[in-house]
Amino acid sequence: MKIPNGQEIISQFEKWSPKYLAMEGDPIGLHVGTLNKKIDRVLVTLDVNEEVVDEAITKGAGLIIAHHPPIFRPLKNLQTDFPQGSLMEKLIKSDIAVYAAHTNLDVARGGVNDLLADALGIKNTSVLVPTYEAELVKIAVFVPESHEDAIREAFGKAGAGAIGDYEYCSYTLSGTGRFQPTDEADPYIGKAGKMEVTAESKVEVVVRKSEKDRVIKAMLAAHPYEEVAYDVFTLENKEVAMGLGRVGTLETPMTLEEFAAWAKQQLDVPALRLVGDPNAIIKKVAVLGGDGNKYIQQAKRAGADVYVTGDMYFHVAQDAQAIGLNIIDPGHHVEKVMIQGVVDHMSKQQPNWQCEFLPSKTNTEPFRFV
Ligand SMILES: [Zn+2]
């Protein structure tokens, strides 16, 4: 087992939560240090503060993956007698890199919003606020039957044929290929100057346009022919939109009061705030991790009986009341579900590295409930 370097770890992470899913202006990515070093322990946290850095030092983690970017607004100075400066100093002196995955991890399938929806038992979810729709292409390649499997494998491995919750999707048709090698050719099948007729298959896959070049490269590497015949088609249909928040249904309807108690338990919070009639029946639930003030209209339009989101302002709560939308505000800290979510995903997806993904045990919730 090899110890990966930081870049390999982040490449693996970004297959799941790519940077292009982030909202514009969101300062995601590497914040502190370098990824050009071997890393055998990664600490996963919601926030980076002094205590979290101490935890990383104690646990020997060379990299912290955080949800909230530690440098959210540009720094004007790095004075080490102020909290942020001293935090940066400690990270650099301890050779700990910090990588932030913020709104891209909110949007990613299986990311923060899906984790929250799962925790609340919301089924048949769809996206609440669409933010990203990938352009698609179709790649069709002609391959001798003997190499069909290898081509499909190469396609799937490179990320082609990933449609919604399915991967390795492809379609194969059998037919006949004809070609005549010239004197200069070095053919895999056949001889120069002689017409060759061979059983070939056409393998088709749908690919995100942004991943097209990588997929073609992987396909060509797995193909036995010197000159590979393949087509790339632009598609009018777009991928199912990805975005912020999720909306779906509960298996068993309950009153708002019962749902609040359930949410409190499932999201592991000591208290939450409620807007609406406690006896209202809740079937459809919208959830959006973090600050969801901006999206009450979307939740109402989606037909949600309750909207679960954090950091609700007084006046927005009044607006929600006025449009008849029930609200549960369990606080911003419920995004801590990402800690175990990232640990589980990365531990499962890592290609047999000698690298541990550790959930931070530091509680970064600033509020106490009295
Ligand atoms: Zn947040």
Side-chain angles (χ1 to χ4, degrees), residues 13-14 16-19 21-32 43-53 64-74 84 87 98-120 122 125 127-129 131-132 242-247 263-264 266-273 285-296 298-299 307-313 316-317 327-343 345 359-369:
F13 180 82
E14 288 181 355
W16 174 39
S17 180
K19 284 200 172 103
L21 292 180
M23 300 300 106
E24 212 185 315
D26 189 13
I28 53 157
L30 182 66
H31 270 228
V32 184
L43 186 70
V44 180
T45 181
L46 179 59
D47 305 282
V48 185
N49 62 17
E50 195 90 18
E51 240 183 301
V52 171
V53 180
I64 294 174
I65 295 180
H67 184 46
H68 291 139
I71 307 176
F72 197 71
R73 289 177 194 87
Q84 203 175 12
L87 189 74
V98 180
Y99 174 90
H102 189 213
T103 48
N104 48 328
L105 188 61
D106 289 327
V107 171
R109 288 198 181 87
V112 179
N113 285 299
D114 280 323
L115 291 162
L116 287 170
D118 284 350
L120 291 170
I122 307 171
T125 53
V127 167
L128 181 65
V129 184
T131 57
Y132 180 81
M242 298 173 79
L244 298 170
R246 300 292 181 265
V247 59
K264 197 171 137 181
Q266 292 301 105
L267 301 175
D268 184 29
V269 287
L272 44 74
R273 298 191 296 169
V285 180
V287 60
L288 193 142
D291 168 357
N293 281 285
K294 270 192 280 187
Y295 306 113
I296 61 167
Q298 275 93 337
Y307 177 37
V308 183
T309 193
D311 287 349
M312 188 56 48
Y313 297 131
V316 178
I327 302 263
I328 283 179
D329 180 351
H332 197 130
H333 191 67
V334 293
E335 289 185 313
K336 69 184 176 207
V337 286
M338 59 70 61
I339 298 174
Q340 198 57 45
V342 170
V343 166
H345 180 92
S360 168
K361 302 288 183 209
T362 306
N363 183 1
T364 59
E365 167 70 279
F367 293 111
R368 294 289 173 269
F369 298 87

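In this chain, residues are counted from 1 in sequence order. Numbering of ligands and ligand atoms starts at 1, following listing order.
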So, applying side-chain contact (heavy atoms from CB on, under 4.5 Å) with Ile296, which one of Thr309, Val316, Leu288 is it?
Val316

Across all chains, not counting sequence neighbours, the side chain to side chain donor-acceptor pair (under 3.5 Å) partners of His332 are His68, Asp311, Glu335

Sequence neighbours excluded, the answer for side chain to side chain donor-acceptor pair (under 3.5 Å) partners of Asp114 is Arg246

With distance as the sole criterion, is a donor-acceptor pair present between the side chains of Asn293 and Asp291 under 3.5 Å?
yes

His31 side chain vs Ile71 backbone, donor-acceptor pair below 3.5 Å:
yes

I'd like to verify the contacts: list protein N, O or S atoms under a distance of 2.8 Å from the Zn ion (ligand 1).
His68 NE2, His332 NE2, Glu335 OE1

Not counting sequence neighbours, which residues clear ring-ring contact (aromatic ring centres under 6.0 Å, His included) with Phe13? List them please.
Trp16, Tyr99

